[in-house]
Amino acid sequence: MKFAVSALVACCAAAPLALSAVVYAQSSSPRYELSVERINSEVYNPWTQKLDTVEVRAFQGEGGEGLVAPVMRVSPGQVLSLKVNNKLEPCSAVQIAESKCYNSTNIHTHGLWISPSGNSDNVMLSIDPGERFEYEFVIPPDHPAGTFWYHPHMHGATSIQLGSGMAGALIVDGDRVPTKTSPGDIDILFRDAAGKPFGEQIMVFSQIQYGCFEAGEERPRFNRDILPWDMPPWECEDDEVGTVDSFRLFNPFPEMTSGRLTGVNGKVQPTISGFETGRFHRLRMIHAGLRRTVDMSIRKLADDAPDLRDVPGSDHIQWINDYCTGEPVEQFHFADDGLTRYSMRQVNRSRLTAGSRYDALAYFEEPGSYCAINNSVWGGNEEQRRILSIFEVSGEAAPVDSVSDLLSETLIAAAARKIDDESVRDMIVADLKDDFSLYAFAWRKPVRDEELTGKQEATFSIVEHEGGGATLSIDGSPYKHERVDRTLTLGDVEEWVITSILGSHPFHIHVNPFQIVGIVDDQGRDVTVEGTEAYDPDYAGMLGGWRDTVLVKRNYRITMRTRYRRYVGDFVMHCHFASHGDEGMMQNIRIQTRGDRAASMMRH
């Protein structure tokens, strides 16, 4: 990829996020309503080849269906209004006293660059059972278009609620044309020769972590006759209802060995239609799950393959090996965490960790069925690969000599139609020809050395106790709601170093994204260089890119840079393994103006 992009860096250095001269004031802003309810639904269980009945907390609203929360869409310059009605039952005095009350909630708009205060992206507030609350998310005119998502962020209840599937896609649509002084939206290039938009498929990955319990037992019932990974999968009898009401369902071993598979849009191993041959499709991938990584490849399914639902879960690896035998479908990776990359990457797999997003384009040359395979494994056990979904592709065969060349031609033709300024158009065409550079569509520009005003460090910590249990924290102090752990100053630009002393943890920070400038292992070796001994494919293509979530492996050091450019208030950073955040692996951050911070220091 192009970390340094020559003349354009110099052009835009003085105004890393310059506003266009046009203010995109919107007269009509979107309004949504969500209720939070207990619902009965069904989840396919491949180990028993039946549908399990579940009772879970869920977002309900127009456009959603069962365990699929509605998709919300908004444009830069609009105000996204969201009414939330908490219809869950009040908790009993005993539940509250024992910290087993999981029915208060709130909303976090994951990845949006908006205010963390008031009735905006404020995860410090609580919407209790019986309460209604109206959010107003003011999307600034210079907000990047991209793939974001929303989910509950109620401390102590996040894993219970996210593990029930309470999450939905939040799409920022943009049609801004780049100019000499401001970026544009990559969306304007995603049209074919006839002007028809590329196809779109939103894929929200989740893990519904339900269990059925024996009377008096704290652990879900499991099937002793099946060994999916290291332990038997959980099971429910025909007359039982699975629930997500116990913290015993979470943490590494329950989440990774329960047999609960990563699903797509609220279903386990669904068939997804709407794909067509001969056109590009945009895949908006959102990891709204718990702990298991998503590492998705796409391969043509053999015509003589038996229906996957006729195959027990214990035989799925063999089914994949026997029938998902086509060459990998090329994926053209152009955005991370909703932020357009500086250049497009051609890959065979899409790798996501909890909380992250991944945007790619795919082209199908042949009609038929395709396997979307999750190649993610835990503990080195290759027997964990599973089918995420089956793609059904319609149409006639549309072979091409080079999908990469076709994509380049398609994007260049779209630029010629959409961009009137000849000098800007010529620059963008030259960039696309030169290794798929997308720099003119990247709203976050590199943080230069001379911008830096300070440093921050953070360490994910797990201290195991001799008698059992562990203390989870960032920097050794478990989270406290009332404590401010870091006070930062609006206008500063800082370099952060994030590491972990035990385990891997997806670092996520609210409000301000960050640019990755270095990733080294415990020997100080760069892990991003393909072909070297230290290379780690989980970090391929990351260097120089912007994100809001990154996996921090044990003893790795992630160096990143970030600007505090607009918003003041209190928000959090945390491990995006939801149970880890609930257990204390989180910090409160406060951004103040320079004058407010000086006054606060004088008072103390």
Side-chain angles (χ1 to χ4, degrees), residues 74 80 82 105-127 135-140 143-144 146-159 161-162 166-168 170 172 286-288 336-339 353-357 444 456 458 460 474-475 479-481 483-490 492-494 496 498 505-516 546-552 558 560-578 580-582 584-592:
V74 66
L80 172 61
L82 173 62
T105 193
N106 58 24
I107 298 288
H108 170 45
T109 55
H110 186 122
L112 290 191
W113 186 48
I114 59 176
S115 170
S117 302
N119 65 337
S120 184
D121 188 38
N122 184 352
V123 299
M124 305 299 176
L125 60 80
S126 173
I127 307 171
Y135 287 95
E136 289 184 325
F137 306 115
V138 180
I139 313 299
H143 195 290
T147 302
F148 304 92
W149 63 297
Y150 64 93
H151 63 89
H153 211 293
M154 189 70 201
H155 181 59
T158 303
S159 51
Q161 295 180 8
L162 196 59
M166 289 178 65
L170 200 172
V172 179
I286 299 169
H287 195 317
D336 290 301
D337 293 351
L339 304 174
T353 192
S356 65
R357 281 89 66 220
R444 302 284 175 179
Q456 299 284 329
F460 288 114
I474 297 177
D475 298 333
Y479 178 75
K480 288 187 178 180
H481 182 78
R483 185 185 68 219
V484 176
D485 298 284
R486 297 172 192 263
T487 302
L488 310 175
T489 303
L490 189 68
D492 280 357
V493 180
E494 294 194 312
W496 290 57
I498 315 294
H505 306 278
F507 171 86
H508 171 57
I509 190 167
H510 294 201
V511 183
N512 297 299
F514 48 83
Q515 183 189 23
I516 301 288
W546 285 83
R547 314 176 67 88
D548 59 55
T549 306
V550 64
L551 184 66
V552 184
I558 312 288
M560 64 190 203
R561 294 176 174 181
T562 185
R563 302 180 177 103
Y564 320 132
R565 295 204 50 232
R566 180 168 295 161
Y567 299 108
V568 297
D570 294 353
F571 54 94
V572 297
M573 68 182 196
H574 58 94
C575 171
H576 217 287
F577 292 153
H580 280 187
D582 281 339
M585 198 170 274
M586 185 158 65
Q587 284 188 350
N588 286 330
I589 296 174
R590 174 172 294 165
I591 292 185
Q592 297 180 334

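Quantities reported herein were computed from a predicted structural model and do not represent experimental measurements.
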Give me the atom names and distance for the closest heavy-atom approach of [X] to [Y].
X	Y	result
Ala354	Pro506	O-CB, 3.8 Å
Phe514	Thr549	CZ-N, 3.7 Å
Thr105	Met166	OG1-CE, 4.2 Å
Gly569	Ser117	CA-OG, 3.5 Å
Arg566	Pro140	NH1-CB, 3.2 Å

Any heavy-atom pair between the side chains of [Y] and [X] that's under 4.5 Å?
X	Y	value
Phe507	Met560	yes
Arg563	Val493	yes
Pro513	Asp337	no
Leu80	Ile114	no
Tyr135	Leu125	yes

Checking [X] side chain against [Y] main chain: does a donor-acceptor pair fall under 3.5 Å?
X	Y	result
His108	Asp121	no
Arg590	Val484	no
His110	Gly355	yes
Thr158	Met154	yes

side-chain contact (heavy atoms from CB on, under 4.5 Å) involving [X] - partner list, sequence neighbours excluded:
X	answer
Asp485	Arg483, Gln587, Asn588
Gln456	Arg486, Leu488, Glu494, Trp496, Tyr564
Val138	Val79

Check whether the ring centres of His505 and Phe460 lie less than 6.0 Å apart, and answer yes or no.
yes
Do His576 and Trp149 have ring centres separated by under 6.0 Å?
yes
Distance-only polar pair, side chains of His155 and His481, donor-acceptor under 3.5 Å:
no
Side-chain donor-acceptor pair under 3.5 Å between Asp582 and Ser159, yes or no?
yes
Hey, what do you get for [atom1] ([X]) to [atom2] ([Y]), rounding to the nearest 0.5 Å?
X	Y	atom1	atom2	value
Ile558	Leu551	CD1	CG	7.5 Å
Phe571	Ile509	CZ	CD1	5.5 Å
Asp548	Thr562	CG	OG1	10.5 Å
Phe137	Thr109	CZ	OG1	5.0 Å
Ile139	Leu170	CD1	CG	7.0 Å

Take Met124 and Asn106 through the side chain to side chain contact (heavy atoms under 4.5 Å, CB included) test and state the conclusion after the steps.
CA-CA 9 Å; Met124 305 299 176; Asn106 58 24; over 6 Å; no
Contacts of type ring pair (Phe, Tyr, Trp, His ring centres under 6.0 Å), residue Phe148, not counting sequence neighbours
His143
Not counting sequence neighbours, which residues clear salt bridge (Lys or Arg N to Asp or Glu O under 4.0 Å) with Asp336? List them please.
Arg341, Arg547
Sequence neighbours left out, what passes salt bridge (Lys or Arg N to Asp or Glu O under 4.0 Å) with Arg561? Give chain and number order.
Asp449, Glu495
Step-by-step side chain to side chain donor-acceptor pair (under 3.5 Å) determination, His153 to His574:
CA-CA 11 Å; His153 211 293; His574 58 94; 3.0 Å; yes
Find out whether the Lys NZ or Arg CZ of Arg565 is both under 6.0 angstrom from the six-membered ring centre of Trp113 and within 45° of the ring's axis.
no
